[in-house]
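First the proteins, then the strands, lettered A, B, ... as listed; each starts at 1.
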Amino acid sequence: MAKDPTYPNVQNRVELLQGTLDMLILRTLGWGPAHGYGIVQALRTQSGDVLQVETGSLYPALHRLERQGWVTSEWKQTESNQRARFYRITASGRKRLAADRSRWQQMVAVIGGILDGERKPQAEGGEA
Amino acid sequence: MSWLGRIFRLGHYDRDLFDSGPFDRRKAELDEEMRAHLAMDVADRVARGETREQAEAAAQREFGNLGLARDRTHGVWRWGRLESLTRNLQYALRVLRRSPGFSLTVVATLAVGIGATCAMFTVVDRVLLRQLPYRDAGRLVELREAGVRGEVNYGSPYLDLDQWRQRARSLEQIAFYSVNTKRVAFLEGNTGAVHVREGTASANLFALLGVAPAMGRGFLGRDAGGSVNPADEHGVLLSDAAWRDEFGADPAMVGKTIQLNGERLTVLGVMPRGFTFPSTGSVAELPMVWRPIVLGEDDFSHEHNVAPRYEAIGRLREGVTTAQADAELKTAQTAVAMSYDADDREQISSATVTPYTDMELPEGTRPALLALFCASGLLWLIACVNVTSLMLARATARQREIAVRGALGASRWQIVQQLLLEGLLLSGGASLLGLGLTAVMLKLFEHGLAAQFDLHERLVPNAAVLAALLGLTIVSALVISAWPALGAARAPIEAALRQGAPQQGMGRAQHRVRAVLVVTQIALSLTLLVGCGLLLRTLYALRHVPLGFQTDHIVVAHMEIPAYKFAGRNMTTELYQPLVERVKHLPGVESATLQTEVPLGKTFQMMFTFWAQGQSEDAKRKRALQAQFRAVGPEMQQVFGFKMLRGRFFNEGDTAGSAAVIVVNRAFVRAFFGDDRDPSAILGHDLIGFEEKRRSTVVGVLEDERQVAVAEPSQPEMEVSIPQITPKSMFYRGAEQLAMDLAVRTERDPDAVTAEVREAMRQASSDLAASRFTTMDQVVEDSFGSQNLAARLLEIFGGSALLLCLAGIYGLLAYLVAQRRREMGLRIALGARRWSLMWLVLRQAGLMLAVGLAIGLGLAWFTSVGLRTFLYGVKPADPWTMAAVAALLFVGGLAASLIPARRAAGVNPMEALRAE
């Protein structure tokens, strides 16, 4: 179903890196409480329609985060009067987000450095 | 209804299917959450201008696989695994309920094995694994002297103990005590005189055991030697039970005065709850009192038989082994022995150190109990093998079901898990039933077990036993389901699905496995049955030992003597003679007699040690002479009807005023002269003096009789007549004040006589009314109680094994015949004789039996050695027993296979062929 060629965004989507979904969900919730659909929409908008979060991953992730105490949830009415479950980030969730973020930036810097850097000649055999 | 709605309807239906309570609410919430997600998506799309149908389809498409999302979210919840377990459990229950016959057979079979093992483990746990209520009980050791007559089991004098204390570095401390393990004392409590156990203790005994009084204090020591300070001489310590039962747990008990055997004593302290010492003996369940050991002049004498004797208990130093202490004590003992004169020295030339926990067990208990435990384990194994065979047959029948589950996506591990779970359910049910059987068995054998293994509390499975039962349940489940489960996991799915009829089976390999299982059962059953047969032959042999006296129509009363009430009086004339006269004149009583102990009574033992000076061979032999010493009434011969070899028995003319006479038995003559060629030679001998100026002469020689144990030959014995004993007699205390049995010969019903005799006793002295009554036949029967118990247990184990084994043979053959119905029909149609078909089945049965019996005989050859301690009059590898048992199993096995054989012969060829 997801491979439907008539759906315009399919070709442009990117797969999420393992482990980054949790971070993105926490970040989204950092702007304010949201329900599952809201999170998907927010991520899509923020990514310029590139990121399409699979619901098959989203809900397990939300429930996992809740079990770990990084988010809490409650049932509320939306503006359009739809009953939905709203998730809210907790204090420990924010700490987690900060930790994830600094690790992510570190990793981006390291991997970027390797991908962009010049090959240093002495690294090949020198130190032995 | 919209498409979306249908999906969620399906979701609800799905839930109903695997309804499992607590999970429902969260699942419903998740469904609602996802439904809201889709609804919002649809609403957004409609708002953007799509039609409702387009919006629903697109939203659904974008949401992806709803079931997968739901399942993966469920998986995040921790109890996802628990839920699948519950589901499997429910399925397993349904499967088992669907074939109740099979399930009940398996549960009942396993329950027999588990119940027997659990019951025996309860006994093993209580007897062999028991934790003594003392600090670090593993370091407690019993110290004994030993010499030419073996271990001295009546204690050691203080001077010797003191030497050990000074020399033995391997021992932290040595304490001493004495206790009358079989006799009771009379304590006057709030509710009249009651029986209690009386012991004496050195000052350091309780410290050595690591137990302090719960109230008050212990005995104060005089010096490092362990003697109690004379100031405490009239003090007494009470056990918790004595304090609670007799004094109503009086909180101000310490300092009060109590009466023990008529003596006024001051309570110094009360011991903690559950504490008793020593913890064995036939009256160990009684409340107990301890009196102090205050050393006196006699304790410091080296003269023969002057110093009182005490049991010695020591505590090993940390890290010292019993063997090291034993070696050290043996060295020290050489010096100790030197302080005695030559004749005494040879009795105590050595010493032994034994772990106290071993001393607590009567000799032979451990191997005997382990043998019985192994027998129960064997029965369990047979039950497991039997059930495995059933499970295999069932796995074959369920092949298609399992293949379908596999085809529907169940992984092999899931299938194995499912089968293991079924096994666990079955063995769990069996354990519950087995626990019931355990209780029944322990109840049935309560008397025998209590008597044999010295158990006084009621035997009930405790936490340790329940833990063992749980382990046994799991192991049973693994044993019975592992094989079928592995088979099922390995079996290819397509083949099973393709085969039309499930009864095509797994083919020859599986039949062979089941045949091996049946052979195993036959072999193991034979082992048990041989044990049972050996015990039955032992019992037969024991019952036919010529005892040398009559045992029928004799009622026996074991009396606890309230000697303190007769202090300063002559018990012979004031208690015993009037009592016997009264009993003799009861209606229907032919004769009645008193004696310190009836033959085989095992209630009291008084030994006479012969004393001979000099170093000649004759003198040495006589010094080694130890004789049973009994005080008996002149009517004894009328009651027991034993024979005189020479001379006469006591008669009415032997009184306190006439010349003192004694009677010995033939074994005594043999020990005295070295042979019994001329028994008359001992007549007229002067062996002992009654009083200082009153020597005695031997007037008669009794023919040998089995007075100690049925299985033991006659021991040297010496008898004196009760009417001749006066308070001045040297053995007055031993012969009259400690123990007395009344034996009554009567043709009447024992129960009716008992009441009248009891009344006569009550009139003689109120305390005697509490005497224990039995019959002489019962005394004899009790004297081979261990064999009786083992035989009864093995009868049950062996009988169950036989039944299981025959059921196993029948089951396999019936199954094979059912499988080969078509082949049989074809054979008959082609002209085979019916008897040749029967032969086909019987031949297979015969083959299995022959192989099983051959292996079983080999096994029995080894295992029956374990029963050696029980056997009498038959060797462990008795060929007759083995042959008889093998024949029994063979005939039984053929009989069991006759039914399927006849069924094979009775196959109607037309029906069998049409059935396909």
A.B. asks: Between A:Arg96 and A:Asp100, is there a side-chain N and carboxylate O pair less than 4.0 Å apart?
C.D. replies: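 A salt bridge links A:Arg96 with A:Asp100.
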A.B. asks: Where on A:His35 is there a heavy atom nearer than 4.5 Å to chain B: the side chain, the backbone, both, or neither?
C.D. replies: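 Just the side chain, heavy atoms under 4.5 Å.
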A.B. asks: Among A:Arg83, A:Gln41, A:Arg64, which residue has the highest count of heavy-atom pairs closer than 4.5 Å to chain B?
C.D. replies: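 Most pairs with chain B among the choices: A:Arg83.
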A.B. asks: Take B:Arg45 and B:Asp41 through the salt bridge (Lys or Arg N to Asp or Glu O under 4.0 Å) test and state the conclusion after the steps.
C.D. replies: CA-CA 6 Å; B:Arg45 284 169 197 272; B:Asp41 199 355; 3.0 Å; yes
A.B. asks: Got a salt bridge between B:Arg48 and B:Asp44, using NZ or NE/NH1/NH2 to carboxylate O under 4.0 Å?
C.D. replies: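 The answer is no: the pair does not qualify as a salt bridge.
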A.B. asks: Let me know if A:Thr78 has heavy atoms under 4.5 Å from chain B in its side chain, its backbone, both or neither.
C.D. replies: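 The side chain, not the backbone.
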A.B. asks: With no hydrogens and no angle check, just 3.5 Å: does a side-chain donor-acceptor pair link B:Ser427 and B:Ser476?
C.D. replies: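 No pair is found: no donor N or O on one side chain lies under 3.5 Å from an acceptor on the other.
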